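Working notes for the structure below.
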Amino acid sequence: MAFPSKTAALIATLLISPALSNAQDAATGGAILFTNVDIFDGVNEALMQDVSVLVTGNTITQISSDDIAVADAQVIDGSGYTLMPGMIDSHTHLMFSGITFAEVLFQRPGYGMIQGVVIAEQTLMNGITTVRDMAGDVFDLKRAIDEGTVPGPRVYPSGAMISQTSGHADFRLPVEPNPTITGKMTVPGQKGAGLVVDGVPLMLAAAREQLRLGASQIKLAISGSVSGINDPLDTTQFTVEEIEAAVAAAENWGTYVTVHGYNARAVNQAIDGGVKSIEHGQLLDEATLQRMAKEGIWLSIQPFTLCNEPGLTPDQNAKQAIVCEGTGKVYEAIKSLPDLKVVHGTDIFISPGKGIGVSEEVEQLERLLDWFTPYEILKMTTGNATELLQLSGPRNPYPGVIGRVEVDALADLLLVEGNPLESLDAVTDRDNIKIIMKDGVIYKNTLN
Ligand SMILES: [Zn+2]
């Protein structure tokens, strides 16, 4: 059935895209030439020495140890500096990082959005040019960033985390009715933070709803959590049939499912159900990690090494202590599993104060030094994530290579003082990050 033409015209007007974004303007603008730089390309441990890199529009178009001659290019002399990919936080929550737990659950969404805008800029200024957002109604913030209205990283949104009754996202008050039984959505559900569903039909609807909103991947909670109120860490959440339903919905849209999961039983069931990526994994055993390496399942893990956090309740902190102990064990295991695909994420949320979450981004990178070399850490935050981002297939909001300095990659670049592979200070001390470029646009330049 066709719409009457006037209705169709009205809808077209309502949905029409806003004016061209700053990023798009820049993409058609002039070239930027970095000269005399050393390059960490995101993958190789050896720096490329003393080369020139040409950025045209939003793309790296030439890398050469010979001089590159381009008329009208802005030339940046990078002598003594290292050019590296913008960093990728593979597990973040932009909408929850600047507010408290109570505000996530019970307050109206406006304040959280305002804080999200601030956090997005601070995240970019930490040198993080891309995030996978692992729960939260981040779609409007992503849009404003992509349009160039506000500064921030590229965002791969998951939308609401999908959870079962008594699962990780079931943050109801004790008196609140069950949404699956009553059909009445929880407040976090209404706010797009976390949906509670049971059974295959509701799982399909919940996953498809996130895809409708623009999710680049679907996030399920399949095991107990630290922050959850009624979900012990050892629990397995959802059945394999429910997980398979979400996977089918995602794969029908060309993308994938990732899961919040700590324990081995739950994670193995999720892998059986077809998920491609595990968020957290701090309680996994060696056999499961080996299975993941063998089957190409991603591990998106965070250095949860604070065993007691000020923003958590005593019950939550008791669970945090268990996860904290597991973190080191899994990092040790990773070291002996070279085939396991590992990316670094922060999972910063429910920050107890303004900006605290964002400074934790830096601290978390430093915590990894207890287990990994700067090279290993930076690879987990750059080149390792390239392939993971590609899993979004046609739902990838930023088609192209992200996380690498190579010809035809998107121009997300940091120019840093010193060699970051020798000292992580080159990126963790923000003063050492001289230039931050995203999509060919310079957002920070303190050179000179
Ligand atoms: Zn998270």
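The figures that follow rest on heavy atoms only: side chains count, while hydrogens, waters and symmetry mates do not. Only a predicted model underlies this, so the values are computations on that prediction, with no experimental measurement involved. Starting from 1, each residue takes its place in the sequence as its number. In listed order, ligands and their atoms are each counted from 1.
Protein N/O/S atoms closer than 2.8 Å to the Zn ion (ligand 1), listed by chain and residue number, are H91 NE2, H93 NE2, D347 OD1.
Taking the six-membered ring where the residue is Trp, H260 and Y262 present perpendicular rings, their angle passing 60° and hence far from 30°.
Evaluation of the ring pair (Phe, Tyr, Trp, His ring centres under 6.0 Å) test over residues 282-315, restricted to residues two or more places apart or in two chains, returns H280-F304. Screening residues 388-409 for salt bridge (charged side-chain N to carboxylate O under 4.0 Å, His left out), with sequence neighbours left out, gives no hits.
Counting heavy-atom neighbours within 6.0 Å of K294 NZ, excluding the residue itself, gives a total of 12 or less.
A donor-acceptor contact closer than 3.5 angstrom is absent between the side chains of D170 and S163.
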N/O donor-acceptor pairs under 3.5 Å from side chains in residues 200-216, not counting sequence neighbours:
residue : atom : partner : partner atom : Å
Q210    : OE1  : A160    : N            : 3.0
Q210    : NE2  : A206    : O            : 3.4
S216    : OG   : P157    : O            : 3.3

